[in-house]
Amino acid sequence: MMIDHIVTGDGCRIAYRFDGPAGAPVLMLSSSLGTTMEMWEPQISTFAEQFRVLRYDTRGHGGSDAPPGAYSLDRLGRDVVELLDVLGIPLVHFCGLSLGGMVGQWLGARAPERIERLVLAHTSAFMGPPSAWDGRIVLIREKGMAAVAEASIERWFTAEFVKKGDACLDRVRGMLLTTNVAGYAGCCAAIRDMDLRRLGELIDLPTLVIGGDADPATPPAHSEALAGAIRGSRLLFLSAAHLGNLEQPADFARAVLSFLDSWPGEPGEAMPERSVMSDFNVETEI
Ligand SMILES: O=C(O)CC1=CCC(=O)O1
């Protein structure tokens, strides 16, 4: 992998790589908690036919530094802006999954001039209660990443998919087990302290929300509420749990590419109803 680094204003090295033709529009990919940019491997060759694909390791993960202490969604969002600044890229399509989709919401509201089209996959604007994240932080600090790896796999994939024994399961397990404890804990704190429920209505970008119809981590009601809060967004469900890009790789790629190719779609196409904020209070399995 041709991985390079930039250094952010607070001295954190962020690892990134490009695939696809120089000069093509940039599609930036942002990963979930406990994974690396490798999680996008099934989509890369397809995306790279049309796009210059830019992926990076979230602070605390993979080849990026893992500074000690709590991180924030602001910090994770600014990491993306700083990465784009250093690389001299003014505008990208942004596709983030789970934690990556939280970063995407932040960018959509706080740095919309950098984003052309936004894909928010298997994500949420609020993942309370904070005590559950504190519990997870304590657990991994005491027992290491092995204490959360298997439960994560069970939340992230349907039982049928796990039973089939797809090769991606071992790769995801490997990513989880090798994630830096301080980095994972720092990102858990960012999610614990995050409340983006009022941000959706500030997002004024072509946006596709992708949910998983069997996702216990960011359940369908969270995707519906997010799509309802972002005016004019589209909502699509995959037959998958949380890591839909791995459980349904072809459908995920098709959904993203048809959205990037087709926006704004057919004139007069129905837009989703806005949802009420209480929809976000659906309990999640964290
Ligand atoms: O860890 C989980 O199961 C759910 C999750 C929250 C943010 C993320 O990326 O994954």
Side-chain angles (χ1 to χ4, degrees), residues 29-40 55-62 64 66 70-73 75-77 79-80 94-107 119-140 144-159 161-162 169 172-173 175-181 183-197 209-212 214-223 226 240-247 252 280 282-286:
L29 305 175
S30 180
S31 319
S32 70
L33 179 68
T35 69
T36 70
M37 60 173 108
E38 201 197 323
M39 70 165 277
W40 295 104
R55 23 179 188 155
Y56 71 103
D57 284 333
T58 302
R59 175 182 291 246
H61 290 72
S64 293
Y71 307 164
S72 68
L73 243 295
R75 183 62 259 175
L76 299 182
D79 287 347
V80 170
F94 188 91
C95 172
L97 190 148
S98 197
L99 177 58
M102 296 165 197
V103 173
Q105 291 169 65
W106 186 95
L107 291 164
V119 181
L120 305 174
H122 304 275
T123 193
S124 180
F126 178 71
M127 284 195 78
S131 56
W133 292 101
D134 282 331
R136 204 190 286 196
I137 291 168
V138 169
L139 181 65
I140 57 159
M145 290 301 296
V148 294
E150 288 315 312
S152 298
I153 301 273
E154 281 168 25
R155 277 193 312 278
W156 291 358
F157 300 100
T158 61
F161 187 77
V162 171
L169 297 169
V172 169
R173 191 176 285 110
M175 287 185 230
L176 278 161
L177 291 173
T178 54
T179 299
N180 183 292
V181 168
Y184 187 93
C187 286
C188 285
I191 300 170
R192 175 196 66 197
D193 301 337
M194 166 196 90
D195 188 345
L196 307 176
R197 284 177 287 185
V209 177
I210 299 177
D215 184 349
T218 51
H222 286 220
S223 307
L226 194 52
H242 191 53
L243 295 194
N245 80 306
L246 295 177
E247 186 157 352
F252 188 96
F280 286 100
V282 172
E283 285 192 1
T284 56
E285 289 180 33
I286 61 171

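Start at 1 and go down the list; that is how both ligands and their atoms are numbered.
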Enquirer: With sequence neighbours excluded, what pairs up with E150 under the side-chain contact (heavy atoms from CB on, under 4.5 Å) test?
Expert: I153, R173
Enquirer: With respect to W133, determine whether any N or O atom, backbone or side chain, lies less than 3.5 Å from an N or O atom of ligand 1.
Expert: no
Enquirer: Identify, by atom number and element, the atoms of ligand 1 in contact range of S32, meaning under 4.0 Å from any of its heavy atoms.
Expert: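 Answer, ordered by atom number: 9 (O).
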Enquirer: Find all atoms of ligand 1 within a distance of less than 4.0 Å from any non-hydrogen atom belonging to S98, and give their numbers and elements.
Expert: 5 (C), 6 (C), 7 (C), 8 (C), 9 (O), 10 (O)
Enquirer: One residue to check: R136. Relative to ligand 1, which of side chain, backbone, both or neither has a non-hydrogen atom less than 4.0 Å away?
Expert: side chain
Enquirer: Ignoring hydrogens and angles, tell me if any N or O in the side chain of S152 forms a donor-acceptor pair with the backbone of V148 under 3.5 Å.
Expert: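 Between the backbone of V148 and the side chain of S152 there is a qualifying donor-acceptor contact (under 3.5 Å).
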Enquirer: Among residues at least two apart in sequence or on other chains, which ones pass side chain to side chain donor-acceptor pair (under 3.5 Å) with D57?
Expert: none
Enquirer: Return the SG to CG distance between C187 and L76, rounded to the nearest 0.5 Å.
Expert: 5.0 Å
Enquirer: Would a distance-only check, ignoring hydrogens and angles, find a side-chain to backbone donor-acceptor pair under 3.5 Å from R192 to W133?
Expert: no
Enquirer: Return yes or no for this condition: an N or O of L99 is under 3.5 Å from an N or O of ligand 1.
Expert: yes
Enquirer: State the atoms of ligand 1, each with its element, that fall below the 4.0 Å cut-off from a heavy-atom position in R155.
Expert: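 Listed by number with element: 1 (O), 2 (C), 3 (O).
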Enquirer: Do any heavy atoms of H242 fall under 4.0 Å from ligand 1?
Expert: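 The answer is yes: ligand 1 sits under 4.0 Å from a heavy atom of H242.
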Enquirer: Look at the aromatic rings of H122 and H242 and report parallel, tilted or perpendicular, splitting at 30° and 60°.
Expert: perpendicular
Enquirer: Report the part of I191 (side chain from C-beta onward, or backbone N, CA, C, O) that has a heavy atom under 4.0 Å from ligand 1; answer both or neither where that applies.
Expert: side chain
